[in-house]
K.L.:
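Sharing a structure here in structure tokens format.
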There are 2 protein chains.
Amino acid sequence: MAKSTPDAELARVLLEMCCVVEGIRGTVSRDLELTPQQSQLLTAVAERELTHGELATRLHCDKTNVTGLVDRLERRDLVRRRPDPNDRRVARVHPTDRGEELVARFRDAVTAAIETRLASWPSDLRLRFAELAQTATGALRS
Amino acid sequence: MAKSTPDAELARVLLEMCCVVEGIRGTVSRDLELTPQQSQLLTAVAERELTHGELATRLHCDKTNVTGLVDRLERRDLVRRRPDPNDRRVARVHPTDRGEELVARFRDAVTAAIETRLASWPSDLRLRFAELAQTATGALRS
DNA sequence: ATCGATAGTCTGTATCATCGACTAAACAGT
DNA sequence: ACTGTTTAGTCGATGATACAGACTATCGAT
């Protein structure tokens with residue numbers, strides 16, 4: 001496992017970090033009786049209402065998949081479909097009060113988990129890391 | 001969406017970065033006709049042979065799930081189960097030649113995708129980011 | 001009014017993920 | 001040796017995720 005090139009090493013590290021964050025997200029989701037996909041959808045629509053198509057893009061999945069995801073969350077009264085008055089084809093998904101509350105708990109739990117694990121880091125390092133990660137995320141999205 | 005605290009903001013960024021990396025991993029996996037889970041399992045056993053239990057831990061899933069994952073990859077001649085001579089209960093999973101080759105292609109494609117997207121970054125910044133992410137990953141795992 | 005594009009749904013199929021029950025093997029204490 | 005316990009992996013059943021293809025309804029532009 002030689003670090004062939006710096007960029008290959010960066011790729012490896014990012015995949016590994018992704019895996020670790022997935023672990024945290026999975027544990028927290030399970031505690032809230034959500035699947036990881038459900039918590040992802042919920043946090044996405046918590047920022048602003050999204051259409052099925054936008055959700056498909058955001059979650060990197062097919063729109064036919066989004067139908068089922070929203071169905072299951074709607075059945076649990078966590079999100080609602082709001083028909084767009086201007087375009088009767090589109091359905092905008094937004095969280096209910098219960099959904100918002102669950103998102104808040106989700107965020108808090110993830111924050112607490114990360115806080116605990118990075119407790120030994122000085123706060124300026126955490127800040128620097130967050131900034132760098134933010135910039136990288138923006139660049140990686142394009 | 002006020003950034004309530006720096007740590008909440010860090011949590012948000014990490015979840016977002018995780019989502020973006022999942023997108024890259026998903027696209028690359030699909031090009032190689034793998035599911036994301038399959039590419040994760042393959043890259044895991046490419047480093048060293050792992051038992052089903054170790055894989056379950058690594059992939060954050062149940063051991064009963066690993067059976068099916070390994071079954072499907074074995075059917076495609078990408079991994080093999082090797083019985084442990086010292087403990088006849090355990091099966092160690094290792095990649096075949098085809099599997100190793102696929103892992104190499106997977107890593108290369110992810111590296112290329114990241115390289116492209118971070119092309120505008122100076123190489124020392126990429127290195128600094130990789131180091132920071134590596135350290136963070138180690139801390140987050142515990 | 002018609003045509004093409006778009007948004008979402010439905011059906012069918014494969015994979016992922018877990019639970020509970022089970023088998024086989026290793027291990028501990030008597 | 002002989003139990004009882006633990007551990008590793010499998011099996012069956014069930015629900016969730018993911019996608020392809022076909023479909024409906026609607027919008028937009030001719």
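What you see is a predicted model, and the numbers here were worked out from it, not measured in a lab. To find a chain, count down the sequence lines: A is the first, B the second, and so on, and within it residues start at 1.
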K.L.:
By nearest heavy atom, map B:T51 and A:P36 onto DNA chain D; which one lands nearer the 5' end?
P.N.:
B:T51

K.L.:
Mapping A:R89 and A:R81 to their closest nucleotides on DNA chain C, which lands nearer the 5' end?
P.N.:
A:R89

K.L.:
Nearest-Å distance, CG (A:D62) to P (C:dT15)?
P.N.:
17 Å

K.L.:
Between atom CG in B:L59 and atom C1' in D:dG9, what is the gap in whole Å?
P.N.:
16 Å

K.L.:
For the side chain of B:A91, counting heavy atoms from C-beta on, which of D:dT17, D:dG9, C:dT18 is nearest?
P.N.:
D:dG9

K.L.:
If you check every side-chain atom of B:K63, which of D:dA8, C:dC16, D:dT17 has the closest atom?
P.N.:
D:dA8

K.L.:
Measure NE2/B:H52 against P/D:dC11 and give the value in whole Å, please.
P.N.:
11 Å

K.L.:
Taking only N and O in the side chain of A:R75, is any of them less than 4.0 Å away from OP1 or OP2 of D:dA16?
P.N.:
no

K.L.:
Could you please name the option among D:dC11, D:dC27, C:dA26 that lies closest to any side-chain atom of B:T64?
P.N.:
D:dC11

K.L.:
Nearest whole Å is fine: how far is D:dT17 C1' from B:E22 CD?
P.N.:
13 Å

K.L.:
In whole angstroms, how far is the P atom of D:dA18 from the CG atom of A:D71?
P.N.:
15 Å

K.L.:
So, does A:R30 get its side chain near the phosphate of C:dC19, meaning an N or O under 4.0 Å from OP1 or OP2?
P.N.:
yes

K.L.:
Base, sugar-phosphate, or nothing for B:N86, non-hydrogen atoms under 4.0 angstrom?
P.N.:
sugar-phosphate

K.L.:
Please report the distance, rounded to the nearest Å, between CD in A:E54 and P in C:dT6.
P.N.:
15 Å

K.L.:
Would you say a side-chain N or O of A:R72 is under 4.0 Å from OP1 or OP2 of D:dT17?
P.N.:
yes

K.L.:
Closer than 4.0 Å, any side-chain N/O of B:Q37 to the OP1 or OP2 of D:dA18?
P.N.:
no

K.L.:
Are any of the side-chain nitrogens in B:R126 or B:E115 under 4.0 Å away from the carboxylate oxygens of its partner?
P.N.:
no

K.L.:
Quick one: is B:T67 getting a side-chain N or O under 4.0 Å of the D:dT10 phosphate, OP1 or OP2?
P.N.:
yes

K.L.:
Is the closest side-chain donor-acceptor distance between A:Q134 and B:R12 under 3.5 Å?
P.N.:
yes

K.L.:
Taking A:R80 first and then A:D97, would you say they form a salt bridge - that is, a charged N and a carboxylate O separated by under 4.0 Å?
P.N.:
no

K.L.:
So, is B:T35 close to the C:dC16 phosphate, meaning a side-chain N or O under 4.0 Å from OP1 or OP2?
P.N.:
yes

K.L.:
Touch check for B:N65, heavy atoms < 4.0 angstrom, all strands: base, sugar-phosphate only, or nothing?
P.N.:
base

K.L.:
Do we see a donor-acceptor contact under 3.5 Å between the side chains of A:D62 and A:T64?
P.N.:
yes

K.L.:
Starting at CG of B:L14, measure out to CD1 of A:I114 and round the result to the nearest 0.5 Å.
P.N.:
4.5 Å

K.L.:
Are A:L15 and B:L127 connected in a single hydrophobic cluster, I mean Ile/Leu/Val/Met/Phe/Trp/Tyr linked by side-chain heavy atoms less than 4.5 Å apart?
P.N.:
no

K.L.:
Give the rounded distance in Å between these two atoms: CG of B:L69 and C1' of D:dG9.
P.N.:
14 Å

K.L.:
What's the CZ-P distance between B:R92 and C:dA25, to the nearest Å?
P.N.:
17 Å

